[in-house]
Amino acid sequence: MRLLTLDNSKIDKSKQYGWMTFGLHLAPHTVSGYNVCPHASKGCAAACLNTAGRGRMDVVQNARIRKTKMFKEGKANFLHFLQKDIDMAKRKAKKEYLTPCFRLNLTSDISWERYGIIQNNPDVQFYDYTKNQVRAVKAASGEYRFPENYHLTFSKSEDDNVQLIQALVRYGVNVAVVFNKKADKWWKGMQTIDGDKHDLRFLDSKNRIIALKAKGDAINDQTGFTVNL
């Protein structure tokens, strides 16, 4: 069973920088009957990119639900197939003279460091966004034996105030913020990076706001998840 995908316009931009990103799409939040986004806010769930592009197709949604149920109900089998996919991805990237990297939480927020898949592949880079503040801080500080080849960016929700974001950035955590339009170089005293140029977050400088322009349902967000400039 194929789990990883390259069919994503944003992660495909990685090729311009010498990387090939492989991603994993699960059914977000509680869509599958299992919650794979335990820290999702109301705005995050409403603005999720799960239904962007081909994601609106029933066949795609059904596939993501099947993969999510497989992960929850048969984890060992799931991890076996995921490793096979990672091995295949490494070979594919090598043939195209690109460096492989992996984002396993395209539409989920799972602590993959708990399952050994990152530690078992120390030769490649993994990265994700997370809504889990504690996890993001531990990743930035080097606590909790966090894998050196795993990079996390914290993702702001409507529940996170500016003071919290400023504190996280000072601590060394990069924070992704969705804006209603292209952000300036500074926001609330914090330097921004255009996060739409590529998705290779592990290449970003520290202590930065990753500015993302609203897409899909986030354009019409009314919860405060999307920050209006």
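The structure presented is a predicted model; accordingly, all values stated were derived computationally and were not measured. One-based numbering along the sequence shown.
Counting heavy atoms from C-beta outward, R103 and Y129 have side chains that approach closer than 4.5 Å. Put simply, the side chain of D85 does not reach to within 4.5 Å of the side chain of F81, judged on heavy atoms. Side-chain contact check for F126 versus P147: every heavy-atom pair is 4.5 Å or farther apart. Contact annotation: the side chain of K90 approaches that of V124 to within less than 4.5 Å [non-hydrogen atoms, C-beta and beyond]. Using a 4.5 Å heavy-atom cutoff, the side chains of I165 and I209 are in contact. Contact annotation: the side chain of L4 approaches that of L82 to within less than 4.5 Å [non-hydrogen atoms, C-beta and beyond].
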Exercise for the section: Take R135 and H39 through the side-chain contact (heavy atoms from CB on, under 4.5 Å) test and state the conclusion after the steps. Expected result: CA-CA 11 Å; R135 189 164 168 253; H39 298 274; over 6 Å; no
Handout entry: Residues W187, V162; criterion side-chain contact (heavy atoms from CB on, under 4.5 Å); working and verdict
Key = CA-CA 10 Å; W187 178 69; V162 173; 4.3 Å; yes
Practice task
Evaluate side-chain hydrogen bond (donor to acceptor under 3.5 Å, both in side chains) for T21 paired with S14, printing each intermediate quantity in order.
Solution key: CA-CA 6 Å; T21 301; S14 302; 2.7 Å; yes
Practice task
Kindly indicate, with the supporting measurements, whether the criterion side-chain contact (heavy atoms from CB on, under 4.5 Å) is fulfilled by V175 and D160.
Solution key: CA-CA 11 Å; V175 180; D160 302 314; over 6 Å; no
Practice task
Give the intermediate values and the outcome of side-chain contact (heavy atoms from CB on, under 4.5 Å) for residues T226 and I219.
Solution key: CA-CA 7 Å; T226 298; I219 295 174; over 6 Å; no
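Q191 places no side-chain N or O within donor-acceptor distance of the main-chain N or O of W186, the cut-off being under 3.5 Å. N132 places a side-chain N or O within 3.5 Å of a backbone atom of V134 that can act as its donor or acceptor partner. Put simply, the side chain of T68 never gets that close to the backbone of P28: no donor and acceptor are under 3.5 Å apart. Judged purely by atom type and a 3.5 angstrom limit, D128 uses its side chain to pair as donor or acceptor with the backbone of L104. Listed for the K67 side chain is a donor-acceptor partner under 3.5 Å among the backbone atoms of H25. Judged by distance alone, the side chain of N149 and the main-chain N or O of I118 form a donor-acceptor pair under 3.5 Å. Not a single donor-acceptor pair under 3.5 Å links the side chain of T130 to the backbone N or O of F154.
The line from CZ of R64 to OG of S108 is 10.5 Å long, rounded to the nearest 0.5 Å. Rounded to the nearest 0.5 Å, atoms CZ (F225) and CG (D159) are 10.5 Å apart. Note: D204 CG to D199 CG = 9.5 Å, rounded to the nearest 0.5 Å. For the atom pair K213 NZ and K181 NZ, the distance stands at 10.0 Å (nearest 0.5 Å). Between the CG atom in L3 and the CE atom in M70 there is a gap of 6.0 Å [rounded to 0.5 Å]. Atom NZ of K15 is separated from atom CE of M20 by 4.5 Å, given to the nearest 0.5 angstrom.
Counting heavy atoms of neighbouring residues, nucleotides and ligands inside a 6.0 Å radius, atom NZ of K13 exceeds 12 of them. In this structure, K69 places its NZ atom where only 12 or fewer heavy-atom neighbours from other residues, nucleotides or ligands lie under 6.0 Å away. Residue N228 places its CG atom among more than 12 non-hydrogen atoms of other residues, nucleotides or ligands, all under 6.0 Å distant. A 6.0 Å sphere centred on CD of Q222 holds no more than 12 heavy atoms belonging to other residues, nucleotides or ligands.
Here the two rings, on W112 and F102, have centers that are 6.0 Å apart or farther. Separation of the F71 and Y115 ring centroids falls under the 6.0 Å cut-off.
Partners of Q83 according to the side-chain contact (heavy atoms from CB on, under 4.5 Å) rule, which considers only residues two or more places apart in sequence or in another chain, are I86, D87, I117, N120, N121.
Nearest heavy-atom pair across A27 and V36 is O-CG2, 3.2 Å. Between V137 and L168, the shortest heavy-atom contact is CG2-CD2, 3.7 Å. Minimum heavy-atom separation, N174 to N207: OD1-N, 2.9 Å.
Ion pairing between a basic and an acidic side chain is recognised when a charged N comes within 4.0 Å of a carboxylate O; K182 and D194 show such pairing.
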